[in-house]
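One structure is given here, and the rest of the page talks about it.
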2 protein chains.
Amino acid sequence: EPKQRGFRFRYECEGPSHGGLPGASSEKNRRTYPTVKISNYVGHARVEVQLVTHTDPLASTRTAWWAVHCTENGTCMVDVGPNDLTASFSNLGILHVTKKSASHDRRQPINTQHLRSTESSILKEAKELGKVMDLNIVRLKFTAYLQDSNGGFTRALKPVVSNAIYDSKSPNASNLKISRMDKTCGTVLGGDEIFLLCDKVQKDDIEIRFYEEDEGGWEAFGDFSPTDVHKQYAIVFKTPPYHSAEIERPVTVFLQLKRKKAGDSSDPKQFTLHPSVQGKPRPF
Amino acid sequence: EPKQRGFRFRYECEGPSHGGLPGASSEKNRRTYPTVKISNYVGHARVEVQLVTHTDPLASTRTAWWAVHCTENGTCMVDVGPNDLTASFSNLGILHVTKKSASHDRRQPINTQHLRSTESSILKEAKELGKVMDLNIVRLKFTAYLQDSNGGFTRALKPVVSNAIYDSKSPNASNLKISRMDKTCGTVLGGDEIFLLCDKVQKDDIEIRFYEEDEGGWEAFGDFSPTDVHKQYAIVFKTPPYHSAEIERPVTVFLQLKRKKAGDSSDPKQFTLHPSVQGKPRPF
DNA sequence: CAATGGGGAATCCCCATAG
DNA sequence: CAATGGGGAATCCCCCTAG
């Protein structure tokens, strides 16, 4: 399985070799790659990868919105066997196809009379498509071919489809990250104003989640409006009140950025809640 | 004269009509436009505008990096006179020409044998040019033509060139602006950490200037490094010490963003310095 | 020096608001 | 509805660091 997030799709103009798609369990020092294994078989086999859309994985590649670059000649397959039937793809790149070139790709009925209208209608179509199938999410589709009696790889097995891969440069799928906060503590009553610096977020699809780790889990959300999100890179918010104002000593909780729609979240940061100051009355 | 900053150059693809270049003294409600007046003359005249480069105003327009769009047909001139010889240009737009189309513009020796090499060499040339003459700065060049005895506008006067106009979308010429700070006061000793949210800045060409208004003017700079500039939209810095630690009551000073190279600055924000707390020793 | 990874510039697209 | 003004997405370019 490939890693779902954190990999950046590239445009052709960016050149090859910006690193291959890592495997789901890939680590800094121990890199792994998307891998498939053919079970219950001994012999030679050929495994091919294709990119398919996020939503309709089994059917479509009808428009090649992306192209996989693994070998020089553009084909994406490896031969395996006869003993180890594990195919590992170590240099998969995912290429963005631009809207413009995408429209050229389609075979047009060249001889029809609409010369101008084609172009705009294609753009419109592309836009429609873009709405349904997010171009920034793809899956890998592996197809294995076993050798037939003539030695040709013709006996196709049922393809398997990977989990979804999100373009890390796409604003709705980039890695969420809190890089800095002006305070890391506040009072149990909430209402403390915090300046938080982060990687790119979308002002209408982000929330700041406070939580405690134990089961039963308390959670609450930072208080801010879209206008408090500054240029996608900073958020000014107020802390939520803790579930209980009656604490004797400081409590440490966590906060993280979280996308409302996709549900993915950033690494957490610690935040310390202090008891409300002696003599300062709670608001009621 | 045109306004120097705050006007955005547009690409052709953005369509016409995103507002015309305002005059230097243009206000929200009282719009003015770049205007020239022919002195010491009575009669009809024609005034033409052209865009010229920032650095070499009198000579060049040799490559039309920008195009002025004022009338439908692309010509940019107005006829004035016979009494009022003031020409006002109310709908000047400045078009960005993309690098790609810029290279097409040049008349190529089509029949030479370098088919591939031309393109890359043109790009290289464009890049070279870009280094010397900043494509995001232009000037207007007005040329007036008086009527000759046949009624033709042939008697050109000496052209006049406007001040420089900076593309407000260009990162090194955009409007500087402080939009929010997490504190607006600190101590006279300095060293207070401030989170400041701002419009786009360049981490290597920005400083935070504290100053007092009176002549003799104290000034000092916020302490931060390029890595403290977060994604061009926020700066975490430490306040500088005031010129005197011996103050009895709070002092209000100003701070502003300031570009090191161009020297332009943002509107100031107030900042209040409090006396060092009773009993807290000054560091020495 | 090429591979890897990432910041930000140049280009493009489209939305909100006031006439 | 078109003019105006502006935010941000899609595309592209290039620098840094570690091998």
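By convention in this document, chain letters (A, B, ...) are assigned in the order of the sequence lines, proteins followed by strands, and residues within each chain are numbered from 1.
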* Asked: To the nearest Å, how far apart are A/H230 NE2 and D/dG7 P?
  -> 10 Å
* Asked: Between atom NZ in B/K203 and atom P in C/dA9, what is the gap in whole Å?
  -> 8 Å
* Spacing of the P atoms in C/dT4 and D/dC12 (rounded, Å) -> 22 Å
* Structure fact -> Among the nucleotides D/dA9, D/dC13, C/dG5, whichever has the atom closest to the side chain of A/Q232 is D/dA9
* Give the ring-plane orientation class for A/H96 versus A/F9, where under 30° counts as parallel, over 60° as perpendicular and anything between as tilted. => tilted
* Asked: Using purine N1 to pyrimidine N3 plus N6-O4 or O6-N4 for Watson-Crick, or N1-O2 and O6-N3 for G-U wobble, each under 3.5 Å, what pairs with C/dC1?
  -> D/dG19
* Salt bridge flag under 4.0 Å for residues B/K260 and B/D205 -> no
* Asked: Within this structure, what is the NZ-to-P distance between A/K169 and D/dC13, rounded to whole angstrom?
  -> 13 Å
* **Protein-nucleotide distance (A/N172, atom CG; D/dG8, atom C1'), rounded to Å** => 13 Å
* **Out of D/dA9, D/dT4, C/dA9, whichever nucleotide has its closest atom nearest the side chain of B/P171** => C/dA9
* Salt bridge B/D228-A/R180, side-chain N to carboxylate O under 4.0 Å -> yes
* Cationic tip of B/R209 above B/F221 ring, under 6.0 Å, 45° of axis -> no
* To do: Return yes if the base of D/dG5 and the side-chain atoms of B/R8 contain a donor-acceptor N/O pair under 3.5 Å, otherwise no.
  => no
* Structure fact -> With the side chain defined as heavy atoms from C-beta on, B/Q202 is closest, among C/dG5, D/dA9, C/dA9, to C/dA9
* Asked: Is the A/F224 ring parallel, tilted or perpendicular to the A/F237 ring (thresholds 30°, 60°)?
  -> perpendicular
* Structure fact -> The residue, A/G20 or B/S170, whose nearest nucleotide of DNA chain C is more 5′ is A/G20
* **Watson-Crick or G-U wobble partner of D/dC12, both distances under 3.5 Å** => C/dG8
* Give a yes/no answer on whether the side chain of A/Y11 brings an N or O atom under 4.0 Å of OP1 or OP2 in D/dT11. => yes
* Asked: Where the side chain of B/N91 is concerned, which of C/dC13, D/dT4, D/dC13 is the nearest nucleotide?
  -> D/dT4
* Asked: In whole Å, what is the span from the CG atom of B/D204 to the C1' atom of D/dC15?
  -> 12 Å
* How many Å lie between CD on A/E14 and P on D/dA10, as a whole number? -> 14 Å
* Atom OH of B/Y233 to atom P of D/dG6: distance rounded to whole Å? -> 14 Å
* To do: Give the rounded distance in Å between these two atoms: NZ of B/K231 and P of C/dG8.
  => 7 Å
